[in-house]
Amino acid sequence: MAAGTSTGTDEAALGYEQARDELIEVVRRLEAGGTSLEESLALWERGEELAKVCRRRLEGARARLDASLAAERAADEEAETEGGDA
């Protein structure tokens, strides 16, 4: 099984949706049972890696959204200031 063989480069290439979908599959397999202890541990470790990828992607999206909103607010404040001087 390739669960424990991914590299940091592979993880960086994963998009949020891809990581989320793989994480869902890992959880499904763990919940279904029937795997050896070694395979279960490998799945668990892969799930932890995928959860980190998802968390980083969401944090990045949140930071981009916050920056965009801050820029929009600054532009609005600047427009109000310029409009008030006229």
Side-chain angles (χ1 to χ4, degrees):
M1 160 152 195
T5 61
S6 93
T7 64
T9 304
D10 292 338
E11 290 177 23
L14 283 176
Y16 171 78
E17 291 82 4
Q18 189 178 11
R20 181 203 60 212
D21 291 347
E22 188 178 341
L23 179 57
I24 289 168
E25 178 62 18
V26 165
V27 170
R28 186 195 63 74
R29 290 184 62 195
L30 285 169
E31 287 178 341
T35 58
S36 68
L37 177 58
E38 190 64 31
E39 187 174 7
S40 293
L41 288 172
L43 285 167
W44 179 269
E45 290 170 350
R46 181 62 179 156
E48 289 289 332
E49 293 169 4
L50 292 164
K52 287 177 188 175
V53 170
C54 290
R55 189 169 25 258
R56 281 194 302 266
R57 295 286 184 180
L58 288 172
E59 288 169 354
R62 183 177 297 126
R64 288 173 41 205
L65 178 60
D66 289 345
S68 177
L69 291 172
E72 185 177 318
R73 269 183 268 165
D76 288 347
E77 289 172 5
E78 184 177 327
E80 287 177 12
T81 301
E82 289 176 0
D85 291 344

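Just so it is clear, the model here is predicted, and its values are computed rather than measured.
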Validation row: L50, L14 side chains within 4.5 angstrom (heavy atoms): yes

All pairs passing side-chain hydrogen bond (donor to acceptor under 3.5 Å, both in side chains) where residues 60-76 contributes a residue, at least two apart: none

Inter- and intrachain pairs under side-chain hydrogen bond (donor to acceptor under 3.5 Å, both in side chains), touching residues 12-23, at least two apart: E22-R46

L30 versus S40, closest heavy-atom pair with distance: CD2-O, 3.7 Å

Gap between atom CG of L23 and atom CD of E48 - 0.5 Å precision: 9.0 Å

Single-linkage hydrophobic cluster L58~V27, side-chain heavy atoms < 4.5 angstrom: no

Enclosure of E59 CD (heavy-atom neighbours >12, cutoff 6.0 Å): yes

L41: hydrophobic cluster co-members (side-chain, 4.5 Å): L37

Listed partners of E25 passing salt bridge (charged side-chain N to carboxylate O under 4.0 Å, His left out), at least two apart: R28

